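Atoms within a ligand are numbered from 1 in the order they appear, just like the ligands themselves. All values reported here derive from a predicted model rather than from experimental measurement.
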Amino acid sequence: MSDIENNWFREVQNDLWPGQSFSLKIKKKLHEENSKYQNIKIFETETYGTCLALDNIIQCTSRDEFSYQEMISFLPLCIHQKPQKVLIVGGGDGGVAREVAKHPLVEEIHQVEIDDRVVELSKQYLPNMACGFKSPKLKLTIGDGFEYMKAHENTFDVIITDSSDPIGPAISLFQENYYKLMKTALRPNGIVCAQGGSFWLDSENIKNTMKNSSKYFKTVKYAVTSVPSYPCGHIGFVIASDEDNVNFISPVQKYNSSELDLMGLKYYTSNVHSSAFALPRWIEKYLYE
Ligand code: SPM
């Protein structure tokens with residue numbers, strides 16, 4: 001485990017966050033391998049539970065993963081009038097499938113993940129996320145998201161892209177062609193939501209992704225959530241609709257506290273939904289003006 005020294009994992013990434021790194025103290029190394037696509041590490045930490053890192057970038061820890069997985073799922077699902085058929089691209093740990101399956105209007109979940117080893121290892125070491133794969137609503141395909149969408153035109157109400165960062169193979173998931181393809185795979189009035197990076201680190205990338213998205217979608221917004229184990233402690237999502245002036249801020253479906261409890265949601269509420277779109281002044285001006 002090269003990024004591990006004296007039992008500390010250091011998340012060094014010189015292209016995306018030069019000169020800084022978040023570290024986690026390791027309690028126990030659980031697994032490491034190089035799959036066909038990437039280096040996969042799983043370790044138990046002293047304070048963040050179990051951590052999954054791909055190519056030395058933290059994807060999730062069992063302590064704070066619910067923030068990301070609930071928000072990337074419930075923001076688009078609660079904006080859509082009737083989110084019956086959902087596609088998840090990526091999401092190999094199963095956490096997004098777990099959340100999407102909770103939404104009462106969702107009938108079918110299709111997921112396409114390229115790396116079967118991430119899925120298998122998550123089943124073994126991250127059962128609280130990989131339980132998403134057990135949902136009777138889910139059909140999991142191991143393969144390429146681009147090819148899957150090409151074969152499924154006019155099919156989905158919501159497409160969620162739970163990708164790694166825009167470096168290496170995942171870079172194509174932030175580009176114009178990907179948004180073009182998502183548009184063709186969506187039914188009318190569909191919504192897309194994708195991992196969008198942190199405004200402290202990736203403002204230029206976010207602006208580019210939003211520009212790429214706006215070539216095919218009429219309403220495009222950026223929303224944030226707090227995830228302490230990601231660099232700068234937060235991450236955002238690019239959310240888009242092919243309808244004009246959709247009010248993303250006020251969810252169509254609102255759930256009260258006991259309904260949220262029944263679904264097992266710990267982070268998402270209608271108020272959190274609305275506040276996710278409130279951005280500090282400088283980044284709002286940069287992204288929207
Ligand atoms: N299902 C959880 C997978 C998480 N996918 C996103 C991981 C992003 C990690 N890096 C964040 C850096 C933000 N600039």
Practice problem: Considering heavy atoms of the protein only, find what lies nearest to atom 7 (C) of ligand 1 and give residue, atom and distance to 0.1 Å. | Solution: Gln59 OE1, 3.3 Å
Self-check item: Parallel, tilted or perpendicular: rings of Tyr48 and Phe22 (30°, 60°)
Solution: perpendicular
Quiz item: Under 4.5 Å between any side-chain heavy atoms of Lys150 and Leu181, yes or no?
Solution: yes
Quiz prompt | Contact atoms of ligand 1, heavy-atom distance to Ser198 under 4.0 Å | solution = 14 (N)
Quiz item: Angle class for the Phe277/His273 ring planes (parallel below 30°, perpendicular above 60°, tilted otherwise)?
Solution: tilted
Quiz item: Does Gly95 reach ligand 1, in the sense of a heavy atom lying below 4.0 Å from it?
Solution: no
Quiz item: Any side-chain donor paired with an acceptor under 3.5 Å for Thr209 and Asn212?
Solution: no
Self-check item: Closest protein heavy atom (residue, atom, distance) for atom 6 (C) of ligand 1
Solution: Ser163 O, 3.1 Å
Practice problem: Determine yes or no for a side-chain-to-main-chain donor-acceptor pair under 3.5 angstrom, with Ser274 supplying the side chain and Ile249 the backbone. | Solution: yes
Quiz item: Does Gly91 come within less than 4.0 Å of ligand 1, judged by its heavy atoms?
Solution: no
Quiz item: Can a donor-acceptor pair be found between the side chains of Asn7 and Lys25 at a distance below 3.5 Å?
Solution: no
Self-check item: Nearest-contact summary for atom 14 (N) of ligand 1 - protein heavy atom, Å
Solution: Asp202 OD2, 2.8 Å
Quiz prompt | Closest protein heavy atom (residue, atom, distance) for atom 3 (C) of ligand 1 | solution = Asp162 OD1, 3.2 Å
Exercise. Decide whether a cation-pi geometry holds between Lys266 and Phe66; the criteria are a distance under 6.0 Å from NZ or CZ to the six-membered ring centre and an angle within 45° of the ring axis.
Key: yes
Practice problem: Between Gln195 and ligand 1, find which residue part has any heavy-atom pair under 4.0 Å and reply side chain, backbone, both or neither. | Solution: side chain
Quiz item: Under 4.5 Å between any side-chain heavy atoms of Tyr178 and Val89, yes or no?
Solution: yes
Quiz prompt | Backbone of Gly90 reached by a side-chain donor or acceptor of Gln111 within 3.5 Å | solution = yes
Quiz item: Between Asp93 and ligand 1, does any nitrogen or oxygen pair lie at a separation below 3.5 Å?
Solution: yes
Exercise. Would you kindly specify which portion of Cys232 sits under 4.0 Å from ligand 1, judged on non-hydrogen atoms: side chain, backbone, both or neither?
Key: neither
Quiz item: Do any nitrogen or oxygen atoms of Trp17 lie less than 3.5 angstrom from nitrogen or oxygen atoms of ligand 1?
Solution: no
Quiz item: Which part of Gln69 is near ligand 1, with near meaning a heavy atom under 4.0 Å away: side chain, backbone, both or neither?
Solution: side chain
Quiz prompt | Structural part of Ile58 in contact with ligand 1, heavy atom criterion under 4.0 angstrom | solution = backbone
Quiz item: Hey, does Asp165 come in under 3.5 Å of ligand 1, counting only N/O atoms on both sides?
Solution: yes
